Amino acid sequence: MRLILEAALSLLSVIGLLSIGWLCFGHLLTPAGNGRAVTVLPGRGDGEDLEHAVTGLLWLRGSGLLEGRIFIVDCGLTAEGKATAEALCRREPAVWMCGSEELPGYIEP
């Protein structure tokens with residue numbers, strides 16, 4: 001019985017130490033910022049992968065791993081792609097759309 005108890009306590013100790021290590025390592029990798037980070041997604045073609053990318057970035061924002069604005073930059077979007085990007089911007093207030101020539105005006109201090 002004592003052997004089982006020692007094995008269980010050892011296993012719990014290892015799991016606890018791994019969890020603490022994982023949290024510390026994750027904290028080191030988490031981008032620190034003051035809200036001035038800008039994420040730029042180039043939109044091309046029909047924008048078929050824009051929704052997936054925006055959803056992933058919004059998940060990072062929701063979990064506190066990402067701060068700042070998300071820009072979809074028109075780099076040759078078709079009419080369907082522009083409609084998709086505009087729908088994403090309407091649906092999510094953290095997502096903005098602009099042309100490639102307008103981007104420097106948004107990210108300069």
Side-chain angles (χ1 to χ4, degrees):
M1 181 66 169
R2 182 176 174 155
L3 181 64
I4 294 173
L5 182 62
E6 286 179 5
L9 287 175
S10 297
L11 182 64
L12 288 174
S13 297
V14 168
I15 290 172
L17 287 174
L18 285 174
S19 298
I20 289 171
W22 182 263
L23 289 173
C24 290
F25 186 68
H27 183 53
L28 288 174
L29 294 179
T30 301
N34 54 3
R36 298 187 56 154
V38 176
T39 305
V40 177
L41 293 173
R44 294 185 179 94
D46 291 338
E48 57 270 353
D49 55 346
L50 278 179
E51 186 165 4
H52 179 70
V54 167
T55 303
L57 290 170
L58 290 172
W59 180 82
L60 288 173
R61 279 180 62 100
S63 64
L65 296 174
L66 178 71
E67 293 182 20
R69 298 177 181 169
I70 301 169
F71 283 96
I72 298 173
V73 179
D74 186 351
C75 297
L77 285 169
T78 62
E80 183 180 338
K82 286 182 184 179
T84 301
E86 289 170 356
L88 287 168
C89 292
R90 280 193 304 272
R91 188 178 77 196
E92 303 295 341
V95 179
W96 297 19
M97 183 177 164
C98 66
S100 57
E101 62 282 345
E102 301 168 20
L103 186 62
Y106 286 111
I107 61 175
E108 290 180 7

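When a residue number appears, it is its place in the shown sequence, counting from 1. Below, each value reflects all heavy atoms present in this structure, side chains not excepted, and no hydrogens, waters or symmetry copies. Because the structure is predicted, anything quoted here is derived from the model rather than measured.
With values rounded to the nearest 0.5 angstrom, Leu77 atom CG is found 9.5 Å from Glu86 atom CD. Atom-to-atom distance recorded for Ile70:CD1 and Thr39:OG1 is 5.5 Å, nearest 0.5 angstrom. Separating the NE2 atom in His52 from the CG atom in Leu41 is a distance of 11.0 Å, to the nearest 0.5 Å. For the atom pair OG1 of Thr78 and CZ of Arg44, the computed distance is 13.5 Å after rounding to the nearest 0.5 Å.
Minimum heavy-atom separation, Phe71 to Cys98: CD2-SG, 4.1 Å. Nearest heavy atom pair, residue Ala85 against residue Leu50, reads CB-CD1, 4.1 Å.
In this structure, Glu51 places its CD atom where only 12 or fewer heavy-atom neighbours from other residues, nucleotides or ligands lie under 6.0 Å away. Summarising the local packing, CD1 of Ile4 is surrounded by 12 or fewer heavy atoms from other residues, nucleotides or ligands at distances under 6.0 Å.
A salt bridge does not link Glu92 to Arg61: none of the charged nitrogens lies less than 4.0 Å from a carboxylate oxygen.
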